[in-house]
Amino acid sequence: MANLLSEKGYDITEDDIADIYIINSCTVTNSGAARSRSAIRRCKRKNPASIVAVTGCLAQMQADEVAEIDGVDIVAGVERGNIVELIEGAKIKKRELPTEFEELSAIDTQSRVRAVIKIQDGCDHFCSYCIIPYARGRARSRKLENIIAEAMEIARRGYLEVVITGINLTSYGKDLPEDIGLIDVVERLNEIDGIERIRLGSLSPTIVNDDFAARAALADKLCPQFHLSLQSGSDEVLRVMNRKYDTEQYYQAVRLLRKNIPNTAITTDLIVGFPGESAAQFEESYEFCKRVGFSQMHIFKYSKRAGTAAADMDGQISKVEKERRSSKMLELALHMKSEFYAKYVGEVMEVLFESCKKSVWSGLTANYMDVLVKSADDLEGKIKKVKITGFDGENLVGEVID
């Protein structure tokens with residue numbers, strides 16, 4: 001959207017006071033929806049004469065409610081390619097769910113270190129806690145030639161790492177006429193000169209089979225970090241969540257990746273306090289996570305989302321109990337991260353540096369470990385070999401050796 005507006009002569013400002021505000025809203029959780037509503041009201045207070053446009057999932061799912069918020073001029077939903085026309089006309093319009101991938105380049109608004117390429121949108125899985133399929137529509141994939149064209153331009157501009165994202169990356173290609181999948185995209189990106197790292201966004205473990213693991217191992221630019229979304233380590237809870245795998249399938253996916261790709265880091269998402277999750281099922285989940293040995297975990301306390309099946313389920317867990325379970329799982333996550341990081345003390349790792357504070361540079365290894373290095377040199381956007389000398393409890397520390 002920033003690119004489209006810039007092309008039409010609009011200035012993107014860092015100031016609080018603007019003529020036009022665009023709130024790209026969230027509705028994954030109640031708190032996300034509440035923050036979006038708050039942002040809408042806050043923008044209008046800053047400049048009562050401004051145009052306020054609301055895009056994204058909250059606007060798609062609750063368009064009428066959003067339109068009634070005082071100060072909202074445009075409700076655009078999740079299809080945003082005509083944002084300029086909507087702004088210039090200041091029209092309130094409810095958008096239909098899109099059926100094809102929307103081509104919107106974002107090269108000019110990327111960070112200075114890594115670039116994100118979105119290749120997929122929508123989801124067909126209908127997990128019982130998730131509103132996204134209703135807000136985003138069915139799964140749809142970007143044409144491979146358009147992905148490669150954007151990646152080549154990204155490489156030309158000097159980015160060393162690309163991150164491949166989508167609402168449900170695992171489903172990439174299933175709606176295209178060609179027989180193509182995510183690993184085919186990886187292999188094509190791997191051939192592009194200038195790109196040194198390819199990182200994948202969140203995946204379902206169902207994508208990992210012998211063929212995927214073997215081909216991934218041959219893509220030498222593919223980062224050995226796989227974010228396999230778990231959500232629960234209890235088979236019964238996974239069934240109620242309407243996930244498409246069980247814990248044994250998940251564990252076999254982890255084993256395949258670790259067997260084929262050295263230094264593989266497995267990261268994940270986990271929900272605690274899902275409706276009906278018993279104390280015993282939480283302990284199952286805890287023990288399964290310990291068995292896998294994640295390098296990092298994102299832990300969420302279940303949040304009721306109106307319009308989903310889980311919101312009306314019996315057995316809603318109290319806030320106090322969700323806090324207790326979250327704390328216990330966070331403690332385990334920190335322990336597993338420490339064990340994973342500590343293995344690399346004394347090793348030499350390649351680090352892509354991103355930012356600096358008081359002469360201390362921070363960056364990431366290919367397998368997604370945080371590294372701090374003290375240096376007076378400008379390391380931003382550069383990959384350097386680093387001798388790992390220690391672990392401070394959160395980050396690896398080291399020194400550049402080349």
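Basis for what follows: all heavy atoms, side chains included, without hydrogens, waters or symmetry-related copies.
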Donor-acceptor pair between Glu103 and Asn146 side chains, under 3.5 angstrom
yes
Apply side chain to side chain contact (heavy atoms under 4.5 Å, CB included) to residues Tyr344 and Val348 and explain how you reach the verdict.
CA-CA 8 Å; Tyr344 291 90; Val348 174; over 6 Å; no
Between Lys328 and Glu331, does at least one N-O distance fall below 4.0 Å, as a salt bridge requires?
no
Just wondering, are more than 12 heavy atoms of other shown residues or ligands nearer than 6.0 Å to CG in Asp124?
yes
With a 4.0 Å cut-off, would you call Arg215 and Asp211 a salt bridge?
yes
Evaluate the ring planes of Tyr302 and Phe274, with Trp represented by its six-membered ring, and classify them as parallel (under 30°), tilted (30 to 60°) or perpendicular (over 60°).
perpendicular
Does the distance from a Lys or Arg side-chain N to an Asp or Glu carboxylate O, for Lys387 and Glu347, drop under 4.0 Å?
no
Looking at Lys337 and Glu394, is any side-chain nitrogen of the basic one under 4.0 Å from a carboxylate oxygen of the acidic one?
no
Strictly below 4.0 Å, N to O, side chains only: are Arg140 and Asp175 in salt-bridge contact?
no
Kindly determine whether Glu399 and Val386 satisfy side chain to side chain contact (heavy atoms under 4.5 Å, CB included), including the steps that lead there.
CA-CA 5 Å; Glu399 54 189 29; Val386 174; 5.7 Å; no
Can you tell me how far apart CD (Glu284) and CD (Glu277) are? Round to the nearest 0.5 Å.
9.5 Å
Mind listing the closest non-hydrogen atom pair of Ala151 and Leu189 along with its distance?
CB-CD2, 3.4 Å
Donor-acceptor pair, distance only, cut-off 3.5 Å: does the side chain of Ser50 make one with the backbone of Asp19?
no
If we only count heavy atoms from C-beta on, is the Tyr341 to Val371 side-chain gap below 4.5 Å?
no
Counting C-beta onward and ignoring hydrogens, is there a side-chain heavy-atom pair between Phe353 and Lys382 closer than 4.5 Å?
no
To the nearest 0.5 Å, how far apart are SG in Cys57 and CG in Asn24?
8.0 Å
Test item: Ser327 side-chain N/O and Glu323 main-chain N/O as donor-acceptor pair under 3.5 Å
yes
Within 6.0 angstrom of Lys374 NZ, more than 12 heavy atoms from elsewhere
no
Kindly determine whether Ile117 and Ile147 satisfy side chain to side chain contact (heavy atoms under 4.5 Å, CB included), including the steps that lead there.
CA-CA 7 Å; Ile117 303 178; Ile147 298 170; 4.3 Å; yes
Give me the ring orientation class for His227 and His298: parallel if the planes are under 30° apart, tilted from 30 to 60°, perpendicular past 60°.
tilted
Taking side-chain hydrogen bond (donor to acceptor under 3.5 Å, both in side chains) as the definition, give me every residue that meets it alongside Thr365, ordered by chain and number, with sequence neighbours left out.
Asn367
Please check if the side chain of Glu321 supplies one atom and the backbone of Ser318 the other of a donor-acceptor pair under 3.5 Å.
no
Would you indicate whether the side-chain heavy atoms of Val162 and Val116 approach each other to under 4.5 Å?
no
Determine whether Leu270 and Tyr286 make a side-chain contact, defined as any pair of heavy atoms from C-beta on separated by less than 4.5 Å.
no
Does the pair Ser232 and Ser234 meet the rule for a side chain to side chain donor-acceptor pair (under 3.5 Å), with working shown?
CA-CA 5 Å; Ser232 176; Ser234 162; 4.7 Å; no
Is Glu100 atom CD crowded by more than 12 heavy atoms from other residues, nucleotides or ligands, each under 6.0 Å away?
no
Does the pair Val78 and Thr55 meet the rule for a side chain to side chain contact (heavy atoms under 4.5 Å, CB included), with working shown?
CA-CA 6 Å; Val78 298; Thr55 67; over 6 Å; no
Do Arg157 and Tyr159 pair up side chain to side chain, a donor and an acceptor below 3.5 Å, judged on atom types alone?
no
Near Lys221 NZ, under 6.0 Å, is it more than 12 heavy atoms from other residues, nucleotides or ligands?
yes
Quick one: NE2 on His125 to SG on Cys130, what's the gap to the nearest 0.5 Å?
11.0 Å
Using atom types as modelled and distance alone, determine if a side-chain donor or acceptor of Trp361 lies under 3.5 Å from a backbone N or O of Asp378.
no
List the steps and the verdict of side chain to side chain donor-acceptor pair (under 3.5 Å) for Arg243 and Ser229.
CA-CA 10 Å; Arg243 302 295 285 176; Ser229 183; 3.3 Å; yes
My understanding is that only residues two or more places apart in sequence, or in another chain, count here; which of them pass side chain to side chain contact (heavy atoms under 4.5 Å, CB included) with Ser362?
Ser355, Leu372
I'd like to know if the side chain of Lys384 reaches the main chain of Leu352, judged simply by a donor and an acceptor atom lying under 3.5 Å from each other, with no hydrogens or angles considered.
no
For Gly398 against Thr389, the heavy-atom pair lying closest together:
CA-OG1, 3.6 Å
Contact summary for Ile317 and Lys322, nearest pair of heavy atoms
O-CE, 3.5 Å
Between Lys343 and Glu339, is the closest basic N to carboxylate O distance under 4.0 Å?
no
Would you say that Asp370 contacts Leu396 through its side chain, given a criterion of any heavy-atom pair below 4.5 Å between the two side chains?
no
Within the distance-only criterion (no hydrogens, no angle test), does the side chain of Tyr245 pair as donor or acceptor with the backbone N or O of Leu230 below 3.5 angstrom?
yes
Carboxylate-amine/guanidinium proximity below 4.0 Å for Lys8 and Glu85:
no
In this structure, are over 12 heavy atoms from other groups packed under 6.0 Å from Asp220 atom CG?
yes
Using only atom types and a distance under 3.5 Å, with no angle test, would you say the side chain of Ser171 pairs donor to acceptor with the backbone of Ala139?
no
Determine yes or no for a side-chain-to-main-chain donor-acceptor pair under 3.5 angstrom, with Tyr172 supplying the side chain and Val185 the backbone.
no
Chi angles and distances behind the salt bridge (charged side-chain N to carboxylate O under 4.0 Å, His left out) call for Glu354, Arg114
CA-CA 9 Å; Glu354 301 183 45; Arg114 60 173 51 81; 2.9 Å; yes
Counting only heavy atoms not in Met313, do more than 12 fall under 6.0 Å of its CE?
yes
Going through the distances and angles, do Gln225 and Arg199 end up as a side chain to side chain donor-acceptor pair (under 3.5 Å)?
CA-CA 7 Å; Gln225 178 247 331; Arg199 194 177 299 279; 2.9 Å; yes
Report the residues that fulfil salt bridge (charged side-chain N to carboxylate O under 4.0 Å, His left out) with Glu102, sequence neighbours left out, ordered by chain and then residue number.
none
What are the two closest non-hydrogen atoms of Leu228 and Val254, and how far apart are they?
CD1-CG2, 4.1 Å
For Gly194 versus Leu160, what's the shortest heavy-atom pair and its separation?
O-CD2, 3.8 Å
Quick check: closest heavy atoms across Gly233 and Thr247, and the distance to 0.1 Å?
O-CG2, 3.3 Å
Has Ser141 got a side-chain atom pairing as donor or acceptor with Gly173's backbone, closer than 3.5 angstrom?
yes
Side-chain (Gln249) to main-chain (Asp246) donor-acceptor, under 3.5 angstrom:
yes
